[in-house]
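Just below is one structure, and these are the notes that go with it.
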Amino acid sequence: MNNSTPLRIFLTRGLIAIAWAATFAAVTKSLTTSVTILAGALLVTYPLIDAVATLVDARSQSGSARRFLLANTVSSAVAAIALGIAATRSATAVIAVFGIWASVSGAAQLVVVLRRRAQLGLQVPLLLANGLSIIGGLAYLIAAAAGQPRLNMLAIYAATGGIEFVIQAYLLTRRRRRLTTTPAPVMTTA
């Protein structure tokens, strides 16, 4: 696999997530119980961004990492549809659907990160991002069950994930430079 592929995916995905979060925060700053058409459109777009990025990533993988990425692509596409439907109902429905998707997606991506350690290193930012995705998803389900939906929580989720993807891209760049500038060990014979 070309190591520049994940780097480009992580950087692009991170920057798009940060931009999405800023836009979503501006659109939903005062929404609590209803979802506007623009907010609904943005809600559908977010998992579609994830689906496309994950599909591009899957194309460069093989084995179980590829299978988990493809399963996550399907999960994200289903989430986009479900969020579109939930947006016509209430903010509570949106938070519940988003919570389910965040947990499922985070778990799938966590497995991928763990499977690619030899290839890409430990990827601490992505371990954190996916662990937080699982925890955040569960927190969203609790908030929905308690009837306390706050759509702006989703902007925080996206911004945090975006920042972690950008950091991971930076770390991959640093790792690549270190690997290409490290001199090969000299073998001596006695």
Side-chain angles (χ1 to χ4, degrees), residues 1-21 42-86 94-142 144 153-154 156-176 179:
M1 173 181 134
N2 179 355
N3 270 349
S4 65
T5 300
L7 184 134
R8 284 192 312 264
I9 292 168
F10 296 161
L11 182 60
T12 303
R13 191 174 184 178
L15 294 174
I16 289 172
I18 292 166
W20 183 93
L42 286 168
L43 285 164
V44 169
T45 303
Y46 192 73
L48 290 177
I49 292 166
D50 185 70
V52 170
T54 305
L55 184 59
V56 170
D57 195 5
R59 291 177 48 207
S60 66
Q61 295 296 309
S62 61
S64 64
R66 180 183 175 92
R67 285 190 299 275
F68 277 99
L69 287 166
L70 291 173
N72 192 41
T73 299
V74 171
S75 163
S76 295
V78 169
I81 295 166
L83 282 167
I85 294 167
V94 165
I95 296 295
V97 168
F98 200 96
I100 293 167
W101 172 64
S103 294
V104 169
S105 180
Q109 290 286 7
L110 188 60
V111 171
V112 171
V113 168
L114 292 172
R115 304 242 172 176
R116 293 199 296 197
R117 283 179 302 196
Q119 180 184 26
L120 299 175
L122 189 55
Q123 303 179 78
V124 172
L126 295 185
L127 287 171
L128 289 172
N130 294 308
L132 290 174
S133 184
I134 295 166
I135 294 167
L138 295 173
Y140 296 150
L141 289 170
I142 292 167
M153 295 188 307
L154 304 182
I156 295 166
Y157 170 91
T160 303
I163 290 166
E164 288 165 332
F165 271 109
V166 170
I167 292 169
Q168 185 60 50
Y170 167 75
L171 292 175
L172 278 177
T173 301
R174 218 174 82 188
R175 181 175 190 245
R176 183 190 306 163
L179 291 175

Determine the sole option in V111, V112, T54 for which the side chain to side chain contact (heavy atoms under 4.5 Å, CB included) test with N72 is passed. T54
Okay, side chain of [X], backbone of [Y]: is any donor-acceptor separation there less than 3.5 Å?
X    : Y    : answer
T73  : L69  : yes
Y140 : S103 : no
S60  : D57  : yes
S133 : A129 : no
N130 : L126 : yes

Would you say [X] and [Y] make side-chain contact, with heavy atoms under 4.5 Å?
X    : Y    : answer
L55  : L70  : yes
E164 : L132 : yes
L154 : V94  : yes
W101 : S76  : yes

Just verifying a value: how many Å separate [X] [atom1] and [Y] [atom2], rounded to the nearest 0.5 Å?
X    : Y    : atom1 : atom2 : value
L15  : I163 : CG    : CD1   : 10.5 Å
T12  : I9   : OG1   : CD1   : 8.0 Å
Q109 : L127 : CD    : CG    : 11.5 Å
F68  : S75  : CZ    : OG    : 12.5 Å
L83  : L48  : CG    : CG    : 9.5 Å
W20  : T45  : CH2   : OG1   : 8.5 Å

Non-hydrogen atoms of [X] and [Y] that approach each other most closely:
X    : Y   : result
R66  : R59 : NH1-CA, 3.6 Å
A82  : V97 : CB-CG1, 3.7 Å
A169 : L7  : O-CD1, 3.5 Å

Could you tell me how the ring of Y157 sits relative to the ring of Y46: parallel (under 30°), tilted (30 to 60°) or perpendicular (over 60°)? perpendicular
